[in-house]
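Everything on this sheet refers to the single structure shown next.
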Amino acid sequence: MAFSASLWSSLFVPNPNRTNCFPRFSLANQKPLKLPLSTAFVIPPLSTATAEVSGAIDGTTIAVISGGSVAALAAVLSLADPERRRREQAEEVGGDDKEVVKEYFNNSGFERWKKIYGDTDEVNRVQRDIRVGHSKTVESTLQMLKDEGSLEGVTVCDAGCGTGSLSIPLAKEGAVVTASDISAAMVAEAEKQAKEQLEASEDGLSRAPMMPKFVVKDLERLDGKYDTVVCLDVLIHYPQNKADGMIAHLASLANNRLVMSFAPKTFYYDLLKRVGELFPGPSKATRAYLHSEADVERALRKVGWTIRKRGLITTQFYFAKLIEAVPM
């Protein structure tokens, strides 16, 4: 949503021994916060993960990585240079990471993620699973926001709105939404979806929700003040040194709450992501950066914010850490 939608296609998964459990959102003092037991919150353990290889996002090949393979994979990775392909991409579009992201989500990435975020059946197993994971993140975010009461009249900035999968439900809840994305194609699609879903009330009698204000902007150029700022699945495009500044910027726009999701950085996930980068498949992909929760929390504390709620959402091919931060 993101996001510029986030490129979960670098991060992967299958686990036949998976058991499901419900994530816990907890206050900073670790007291559990009760949530409805809905399928939107079902997650598997973090014991295994996989990496996309040879175009698995298009349904061709998926490699399952077992625990016993870690040492061998690490040896292979030490001899590889997955960054070379990234540098070539940047040279082709004449820019840095941001230009690569913009180019991707205005072209081939837009077509791919429009399908994933939509309801078409023209998706493979991996894409469908990522759709489910992203939907869980959106539902969990809405639950977080509604825990504090009605969203009627609450001003919300959806930073990296993608095709509007969060912006539109927020508007239906009565929020006053400003939605932005680096991709003009994503913003146009989000606006189209919003007009279709919001302009007429379901019963034809009640007042239609307020349309979100959609703008084409990268995160750095966002301005204004909002009750709440939400940024889902976007930090994956920022290395940690830039993510620190971006987290500080987003916090500066929020009066009361900042909600973010990001791909958690652990040794195992990082290894699997790097394996996936060795097998990019036929389509281009943007860089995918993982972030440790400790680094994100440190960046927030530096600007006077603290994490109040935490959650983890994963499916077979998607995983995201979800946090809500508030001023200290």
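Basis for what follows: all heavy atoms, side chains included, without hydrogens, waters or symmetry-related copies. Heads up: numbering here begins at 1 and tracks the sequence. Since we're looking at a predicted model, the values are computed, not measured.
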Measure from the side-chain N and O atoms of [X] to the backbone N and O of [Y], and report whether any donor-acceptor pair falls under 3.5 Å.
X: Asn106; Y: Lys102; answer: yes
X: Lys321; Y: Arg310; answer: no
X: Asn256; Y: Thr228; answer: no
X: Ser167; Y: Cys161; answer: no
X: Ser180; Y: Val215; answer: no
X: Asp129; Y: Phe317; answer: yes
X: Arg131; Y: Lys115; answer: yes
X: Asp181; Y: Val187; answer: no

Applying side-chain hydrogen bond (donor to acceptor under 3.5 Å, both in side chains), name anything that partners Glu220, two or more places apart in sequence or on another chain.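 Checked Glu220 against side-chain hydrogen bond (donor to acceptor under 3.5 Å, both in side chains); matches are Tyr238.
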Check: [X]/[Y] side-chain N/O donor and acceptor closer than 3.5 Å:
X: Glu139; Y: Gln143; value: no
X: Asp158; Y: Tyr226; value: no
X: Tyr104; Y: Ser183; value: no

Would you compute the distance between atom [atom1] of [X] and atom [atom2] of [Y] and round it to the nearest 0.5 angstrom?
X: Arg298; Y: Asp295; atom1: CZ; atom2: CG; value: 5.0 Å
X: His249; Y: Leu222; atom1: NE2; atom2: CG; value: 5.0 Å
X: Leu322; Y: Met260; atom1: CG; atom2: CE; value: 10.0 Å

Is the CG atom of Asp119 crowded by more than 12 outside heavy atoms at less than 6.0 Å?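 Open: at most 12 neighbouring heavy atoms sit under 6.0 Å from CG of Asp119.
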Does Lys225, at its NZ atom, have more than 12 non-hydrogen atoms belonging to other residues, nucleotides or ligands within less than 6.0 Å?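 For Lys225, atom NZ is crowded (more than 12 foreign heavy atoms under 6.0 Å).
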Can you hop from [X] to [Y] via hydrophobic side chains spaced under 4.5 Å?
X: Val177; Y: Leu142; value: yes
X: Val303; Y: Val234; value: yes
X: Val154; Y: Met144; value: yes

Locate the shortest heavy-atom distance separating Val123 from Thr120; write the atom from each residue and the value.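 Where Val123 meets Thr120 most closely, the heavy atoms are CG2-O, 3.9 Å.
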So, for Phe105 and His237, is the gap between ring centers shorter than 6.0 Å?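 So the answer is yes for these two rings.
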Lys242 side chain near Met246 side chain, heavy-atom distance below 4.5 Å: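 No, every pair of side-chain atoms sits at 4.5 Å or beyond.
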Check: Thr178 and Val156 side chains under 4.5 Å, non-hydrogen atoms: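 Answer no - side chains too far apart.
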What residue among Asp244, Val296, Ile247, Ile236 forms side-chain contact (heavy atoms from CB on, under 4.5 Å) with His291?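 Exactly one candidate clears the test, Val296.
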Show me the pairs that pass salt bridge (Lys or Arg N to Asp or Glu O under 4.0 Å) and involve residues 254-264, at least two apart or across chains.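 Residue pairs with at least one partner in residues 254-264: Arg257-Glu324.
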